[in-house]
Amino acid sequence: MTALPPGSATTPPLRPASPAPPSVQRSWAGVLRQELFASRGDGLVSALLILLILASAVGLLRWAFGQAQWAVIQVNTTLFAVGRYPIEQQWRLWLLVVLVAALSGLSWGLLRAFPRADRSGELWPFNDRLAVALLGFLAAWLPAALALGFPLQVRWWAITGLLVAMRWIAGHWGRSWPPRLLKLVPLSWPLLYLLGMVLIAGGLGMSQVSPSNWGGLLLTLLMASFAILLSFPIGVVVALGRRSDLPLLRWSSVLYIEFIRGAPLITLLFLGQNILGYMLPGGWAPDRVWRAAWVLTFFCGAYLAEAVRAGLSAVPPGQLEAARSLGLSMPQALQRVVLPQALRIALPAAVGQFISLLQDTTLLSLIGLLDLLGTARTVMANPEFLGKNAEVYLTLAVLFWCCCAALGLGSRALERRLDPTHSPA
Amino acid sequence: MPSTQPMIEACGVQKWYPNGFHALRGVDLSVSKGEVVVIMGPSGSGKSTFIRTFNALEEFQEGSISVDGIVLSNDLRNIDAIRCDTGMVFQQFNLFPHLTVLENLSLAPVVVRKRRRSEVEAQAMALLERVGIAEQARKYPGQLSGGQQQRVAIARSLCMEPRILLFDEPTSALDPEMVGEVLEVMRNLAADGMTMVVVTHEMGFAREVAHRVVLMSEGQIVEEAPPETFFTNPQHERSRQFLAQIL
Ligand SMILES: Nc1ncnc2c1ncn2[C@@H]1O[C@H](COP(=O)(O)OP(=O)(O)OP(=O)(O)O)[C@@H](O)[C@H]1O
Ligand SMILES: [Mg+2]
């Protein structure tokens, strides 16, 4: 030990650890003043922006509640929702909505009942209460605003109630359910998707509803979800293929990615209508709707492959080496070690891809399918609703915005849950 | 004391990297059961390349290697068998950041050896106790210090119950005050009779724990001696130069 300099013979006592950082109390007004009006220049910019926002918001609201004639939407709600899906078969879609609501509520509640191992979870965090309030508001207001008949309004109330009730039940009692039952919940989503397909298309004793009768939001969501779900495995396989040691696999992956990314989607959609029937085994692409679905899937798959590839190269090579040196086989190491990390890194880019895919489904209207935009165009072409474009397009924009917001929110929640070192949220 | 039963036998190993670089130029080494061999040598001399051939993380073109009686060949089943029998500890720890400490330890025994999770976790907790970090079992690697991470990495290797442990500069990425805790764990392992091949520049560890010190230079072994001879009376000019540099 070296001698201590004179004067420091007694070491000062160490300070004890504080349980929490001191919290800074700031009033609302104080926050506002500091954020918006800190200096004269800031204040001017803020004031101008506030005026601008207020002016356009007031204008929009006055139009929406004054001049706009929403009859065009109210009369055509069914058309916008499901297209020309036969009325006597629509109970199948209602059943699907009920199942989706129940399973959503269940999964949501279980997510809160089982917070991640390393953190304490609140049963009803602020965001959840907000979401329930929003759902309640929508259930009360939307059916009335759309001038749905009273029985339909009641149905929507019941469905929303079911969702919230399942959320409540699973949140409070989920912990005491048998683990075997709980393991079934994630598995039930793909099963529900398959069941949904059967309910929509027919089978299992239910009569067939031809895809040419699907339309509106139903068709848009169906196409987007089909492409998103199937493009995911395609993207992962192609991304792995592109990094593979087998030249043939590598080259075909590169060829696929570059071919798809080199052409605009609309050309591919038209091309698909003409040649996909020759390329896929018979029965896989029987009609225009399924052909378009496959084109969307392969299109999204190519972009997703690039996102996954970026994720794969962001995982340090030492991870694979460590896994292999522990004796894991290549597939085991990929599945347990490399892919979970790569996919988490690729998630934001992948979700961006999914959001643009959802919006790209509007191109389906150009090949003559009656997706949301296609339906809108037929409605607007009806002489009865001439000149109601603004109402229709605004509705469409809000619908798409809601879907994309849901995707974005879901992905951010997933990202937080998957991030091992993020603080609880 | 090490027995005479050989655990690793490398004969005339030659390796060229794909760019044509001749990284190993005929290396022979034999490690007995329970022996601790420390490999030293200047940067780029092929130490990492050499010990990574033992568990087939690197291929080699000429010569032969057998580990615990299994001949390393291109047969994938042989490679898997050897990897289950040898643990490896890396300079950069290479813990799996998306798994908790406990999951890091139990992954391979559950997935590869198909053992019951509850039983593996009990064993994992005992191992964490042994390396002194049982209270961190439910944390993620990113929440631990470097020294703690490296001790987890050692415990993770031990959880597969290996017969040989390979260390590639296990303390080089650590802050000085954490080196001691990792070396302490390694010292205890050696005392328990584990067969170890350690690439390190920790002179104290080599002096105290190693049965043999090997010096590599330009892809060859230039000196091989018990530590007392190696550090006090090296036979080769290259060894003297190297020791002069690191002492
Ligand atoms: N993938 C590679 N391709 C080509 N040459 C390589 C590759 N990896 C390593 N080398 C070369 O092989 C030689 C031996 O590398 P190695 O990593 O085994 O050295 P080392 O003795 O472990 O050095 P250090 O003490 O820096 O870790 C070095 O000259 C290095 O440049
Ligand atoms: Mg090295």
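Chain letters run A, B, ... following the sequence lines, proteins first, then strands; residues in each count from 1.
Between chain A and the options L107(B), I82(B), T86(B), the largest number of non-hydrogen pairs under 4.5 Å is found for L107(B). With respect to chain A, the highest number of heavy-atom pairs below 4.5 Å among D85(B), V111(B), N55(B) belongs to V111(B).
A distance of 6.5 Å separates CG of D80(B) from CZ of R324(A), quoted to the nearest 0.5 Å.
The environment of N19(B) atom CG is dense: over 12 non-hydrogen atoms of other residues, nucleotides or ligands sit within 6.0 angstrom. In the displayed structure, R129(A) atom CZ is contacted under 6.0 Å by more than 12 heavy atoms of other residues, nucleotides or ligands. Around the CH2 atom of W177(A), the shell of radius 6.0 Å holds more than 12 heavy atoms that belong to other residues, nucleotides or ligands. More than 12 non-hydrogen atoms from other residues, nucleotides or ligands lie less than 6.0 angstrom from OH of Y256(A). Under a cut-off of 6.0 angstrom, the local environment of NZ in K183(A) is sparse, with at most 12 non-hydrogen atoms contributed by other residues, nucleotides or ligands.
No side-chain heavy atom of E321(A) sits under 4.5 Å from any side-chain heavy atom of M88(B).
In this structure, L95(B) and Q319(A) approach most closely via the heavy-atom pair O-NE2, 2.8 Å. Closest non-hydrogen pair, S325(A) versus L57(B), comes out as CB-CD1, 4.4 Å. Residue H98(B) comes nearest to V337(A) through the heavy atom pair CE1-O, 3.6 Å, listed as atom of the first residue, atom of the second, then distance. When every heavy atom of C84(B) is checked against every heavy atom of G327(A), the shortest pair comes out as SG-CA, 4.3 Å.
When heavy atoms are compared at a cutoff of 4.5 Å, R156(B) approaches chain A by way of both its backbone and its side chain. If you measure heavy-atom distances from A323(A) to chain B, the contacts under 4.5 Å come from both the backbone and the side chain. Using a 4.5 Å cut-off between heavy atoms, F96(B) touches chain A through backbone and side chain atoms alike.
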Give the intermediate values and the outcome of side chain to side chain contact (heavy atoms under 4.5 Å, CB included) for residues R83(B) and L326(A). CA-CA 6 Å; R83(B) 283 182 176 153; L326(A) 282 167; over 6 Å; no
